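Each chain gets a letter, A, B and so on, in the order the sequences are listed, and its residues count up from 1. All values below were derived from every heavy atom in this structure, side-chain atoms included, with hydrogens, water molecules and symmetry-related copies excluded. This is a predicted model, so every value here is computed, not measured.
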2 protein chains.
Amino acid sequence: MSENKVTIADVAREAGVSKGLVSFALNDRPGVSAESRVRILEIAERLGWTPSLRARSLSTRRSFALGLVIARDPEVLGSDPFFPSFIAGVETVLAPQGLALVLSVVPDETTEMRTYRALVSDGRVDGVFLSDLRHNDPRIPLLQELGLPAVTLGRPDTESPFPCISVDDTPGVAETVRYLVSLGHRRIAHVAGSPALLHGSRRRSAFDTALREAGLPAGQSIETDFSVAAGADAARRLLTQDSPPTAIVFANDPMAIAGLGVAHELGLRVPDDVSITGFDDIDFTRYVYPALTTVRTAPSDWGRAAGRTLLDLMEHGTAPDVDLPAGRLVIRGSAGTPVRP
Amino acid sequence: MSENKVTIADVAREAGVSKGLVSFALNDRPGVSAESRVRILEIAERLGWTPSLRARSLSTRRSFALGLVIARDPEVLGSDPFFPSFIAGVETVLAPQGLALVLSVVPDETTEMRTYRALVSDGRVDGVFLSDLRHNDPRIPLLQELGLPAVTLGRPDTESPFPCISVDDTPGVAETVRYLVSLGHRRIAHVAGSPALLHGSRRRSAFDTALREAGLPAGQSIETDFSVAAGADAARRLLTQDSPPTAIVFANDPMAIAGLGVAHELGLRVPDDVSITGFDDIDFTRYVYPALTTVRTAPSDWGRAAGRTLLDLMEHGTAPDVDLPAGRLVIRGSAGTPVRP
DNA sequence: CTGAAAGCGCTTACAG
DNA sequence: CTGAAAGCGCTTACAG
């Protein structure tokens with residue numbers, strides 16, 4: 001129990017001033033003479049005083065913590081390094097401010113909504129990061145109703161009072177498709193992410209648009225839940241057809257890696273028989289065989305930007321949206337010229 | 001700001017009793033007549049009263065939150081689904097108790113130690129989960145000095161006042177080696193994890209022991225930091241030797257998957273030319289090619305057990321150690337009979 | 001069984 | 001610029 005034994009009262013007594021004045025001095029507020037301020041700070045330092053977060057929380061009605069609630073299927077969560085990187089990025093901005101991150105991992109949407117309510121009813125957090133945006137996302141009106149500041153990771157498809165950090169996935173998908181077309185591919189399929197998630201459906205429509213712009217007929221798309229298992233299933237379906245695609249654009253890397261496995265299992269050579277591309281450039285991509293051609297994104301940059309924006313919002317009541325640079329295609333060995341176009 | 005508008009004082013006024021009595025009733029403490037209790041609870045319910053965590057925190061000196069600080073390299077963190085699963089397991093026991101999880105991801109050990117100090121000096125958490133145990137782990141004496149309750153994930157190699165949740169990795173490694181030997185392998189190598197981490201060095205000595213028990217000469221071991229990149233490097237070194245091993249036992253799955261990639265890249269067939277095994281049975285293992293033979297562990301069980309034990313400890317001041325069942329070998333296609341033993 | 005009061009450790013008007 | 005006091009919303013001895 002080495003928790004703050006020394007309180008503001010001790011400092012006040014030692015300095016011969018009131019607790020109020022000490023508080024003012026410590027919080028750098030005007031109305032304290034320079035010499036008093038210096039003396040008070042000195043005494044606080046000497047006494048080893050550190051503020052009681054609990055007392056400050058009670059009187060200021062703030063919790064000095066930010067929240068993140070993740071409602072992904074554990075399987076999808078585990079195979080995708082987005083959140084670890086994102087969180088590491090967030091922490092770089094929270095830690096210096098003495099703010100903590102409260103994390104919830106919940107199994108379903110009902111629990112998720114309940115969790116947000118509990119978070120504000122308990123006054124656990126001063127703001128939250130909203131990730132994995134969905135169509136007509138019910139969390140946005142909920143948070144608005146709860147009066148909880150938030151920043152959304154991605155641009156919502158509905159009216160939103162919250163600033164957003166977004167990155168356009170379109171250029172990365174378009175670049176991927178153009179690259180495949182330039183290699184000679186004409187039958188290109190897409191293993192899409194969850195259509196309920198904005199980034200899932202946006203990557204998909206980017207794919208459709210890119211094909212059209214290349215003058216190709218619409219390609220096959222298979223919807224998944226972004227999981228490795230679903231990616232493998234989709235790849236199997238696509239590749240065991242009569243006239244299989246010569247290239248598959250996967251909406252994320254874990255599914256693409258599963259696709260690589262399926263191709264090998266079916267005795268297909270990558271990229272000779274089928275080219276495979278991913279999205280995100282997770283660490284695995286460099287070490288599978290052939291190494292995965294994919295689009296690089298930077299989750300920790302999202303984390304940093306989101307953290308800064310949320311702080312901004314809480315401090316000033318408003319904060320500008322942030323557009324992160326679009327991901328670029330990283331060319332490796334998993335895509336190449338089709339042997340039988 | 002829909003935070004508790006109604007306070008205990010409102011309930012007391014409405015019930016015509018003192019705040020103290022309300023508090024006693026709400027906390028189910030003796031010394032309140034049955035009828036008073038019922039009436040008070042009813043009124044609280046009707047008024048929509050919910051306790052103020054901040055006020056309770058200040059007066060009880062508890063934070064109603066548990067902490068987890070992770071000091072892994074972001075790369076290793078991202079490719080390993082241990083923490084997502086572990087955290088999901090932890091949450092299943094914290095959430096029903098109204099406890100929150102405070103998560104810190106820190107870049108190095110210095111920051112890590114500072115983070116623990118800040119956590120208790122701020123009174124952020126009532127206890128912590130200590131993961132990735134190291135040799136002579138400095139966090140154990142630190143937490144002891146700070147008086148912070150903790151549970152360790154794994155059995156420390158030093159005196160520890162904290163209960164531990166552990167699982168013996170030895171049977172899994174031994175089973176793996178015996179299996180490989182039964183297939184006819186004689187030159188078996190190990191790509192070990194970080195020697196600084198207990199589970200890294202324990203898996204390694206289990207490997208050494210297993211070889212010895214099989215009557216085989218000591219095998220090659222290469223130490224890594226558990227990262228995918230290091231796993232790939234190690235595999236490359238092992239497989240490009242004059243007399244390469246016919247089987248490689250990797251200390252975790254991400255490295256094994258990288259090893260699979262390296263083997264393919266070198267033109268080696270798996271398992272004909274080289275057998276590969278992993279550890280943990282992450283989701284990817286089923287979907288790479290060939291599917292990975294590995295040892296199944298259950299991080300979410302760790303999470304549940306750790307959560308329960310930490311609650312126990314905080315409530316009773318003491319809690320028994322928990323031994324989780326050892327992981328079993330899961331046989332898939334990545335290990336087989338060596339073509340040239 | 002119940003009430004009145006002090007206390008947790010800060011912040012914040014309000015006077016002067 | 002400074003002090004004295006009230007308040008944040010609970011819990012907890014202490015009396016009765």
Exercise. Return the value, rounded to whole Å, for the distance between atom CG of Leu53(A) and atom C1' of dC8(D).
Key: 15 Å
Exercise. State whether Ser36(B) places a side-chain N or O below 4.0 Å from either non-bridging phosphate oxygen (OP1 or OP2) of dC1(C).
Key: no
Quiz item: Whole-Å distance between dG9(D) C1' and Arg54(B) CZ?
Solution: 11 Å
Practice problem: Please report, rounded to the nearest Å, how far the P atom of dC8(D) is from the CZ atom of Phe64(A). | Solution: 17 Å
Exercise. Determine: side-chain N/O of Arg61(B) to OP1/OP2 of dG9(C), distance under 4.0 Å, yes or no.
Key: yes
Quiz item: Among the nucleotides dT2(C), dT12(C), dG9(C), which one has an atom lying closest to any side-chain atom of Ser52(A)?
Solution: dG9(C)
Exercise. Look at Arg56(B) and dT11(D) and indicate whether a side-chain polar atom (N or O) is within less than 4.0 Å of OP1 or OP2.
Key: yes
Quiz item: Where the side chain of Leu58(A) is concerned, which of dC10(C), dC8(D), dT2(C) is the nearest nucleotide?
Solution: dC8(D)
Quiz item: So which nucleotide from dT11(D), dG3(C), dT11(C) ends up closest to the side chain of Ser59(A)?
Solution: dT11(C)
Quiz item: How close or far is atom C1' of dG16(D) from atom CG of Leu21(B), stated in whole angstroms?
Solution: 14 Å
Quiz item: Can you find a pair of side-chain heavy atoms, one from Arg54(B) and one from Arg56(A), that are under 4.5 Å apart?
Solution: no
Practice problem: Looking only at side-chain atoms of Thr7(A), point me to the closest of dC10(C), dG3(D), dT12(D). | Solution: dC10(C)
Exercise. Indicate the ring-plane relationship of Phe83(A) and Phe86(A), choosing parallel, tilted or perpendicular according to the 30° and 60° boundaries.
Key: perpendicular
Quiz prompt | Watson-Crick or G-U wobble partner of dG3(D), both distances under 3.5 Å | solution = dC14(C)
Practice problem: Identify whether the distance between the nearest side-chain nitrogen and carboxylate oxygen of Arg139(B) and Glu109(B) falls below 4.0 Å. | Solution: no
Quiz item: Is there side-chain contact between Asp323(B) and Ser166(B), with heavy atoms separated by less than 4.5 Å?
Solution: yes
Quiz item: Checking all strands, does Ser23(A) fall into the base, sugar-phosphate, or nothing category for heavy-atom contacts under 4.0 angstrom?
Solution: base
Quiz item: Please give, in whole Å, the distance from dT2(D) P to Arg13(A) CZ?
Solution: 20 Å
Quiz item: Expressed in angstrom and rounded to an integer, what is the separation of Glu35(B) atom CD from dC1(C) atom C1'?
Solution: 10 Å
Quiz item: Within the structure, does a side-chain N or O atom of Arg62(B) lie under 4.0 Å from either OP1 or OP2 of dT11(D)?
Solution: no
Quiz item: Atom CG of Asn27(A) and atom C1' of dT12(C): how far apart are they, to the nearest Å?
Solution: 11 Å
Quiz prompt | Protein-nucleotide distance (Leu47(A), atom CG; dC10(C), atom P), rounded to Å | solution = 12 Å
Self-check item: Selected nucleotide, minimal atom distance to Lys19(A) side chain, candidates dT11(C), dT11(D), dA4(C)
Solution: dT11(C)
Quiz item: Is there a donor-acceptor pair under 3.5 Å between the side chain of Arg39(A) and the backbone N or O of Ala15(A)?
Solution: yes
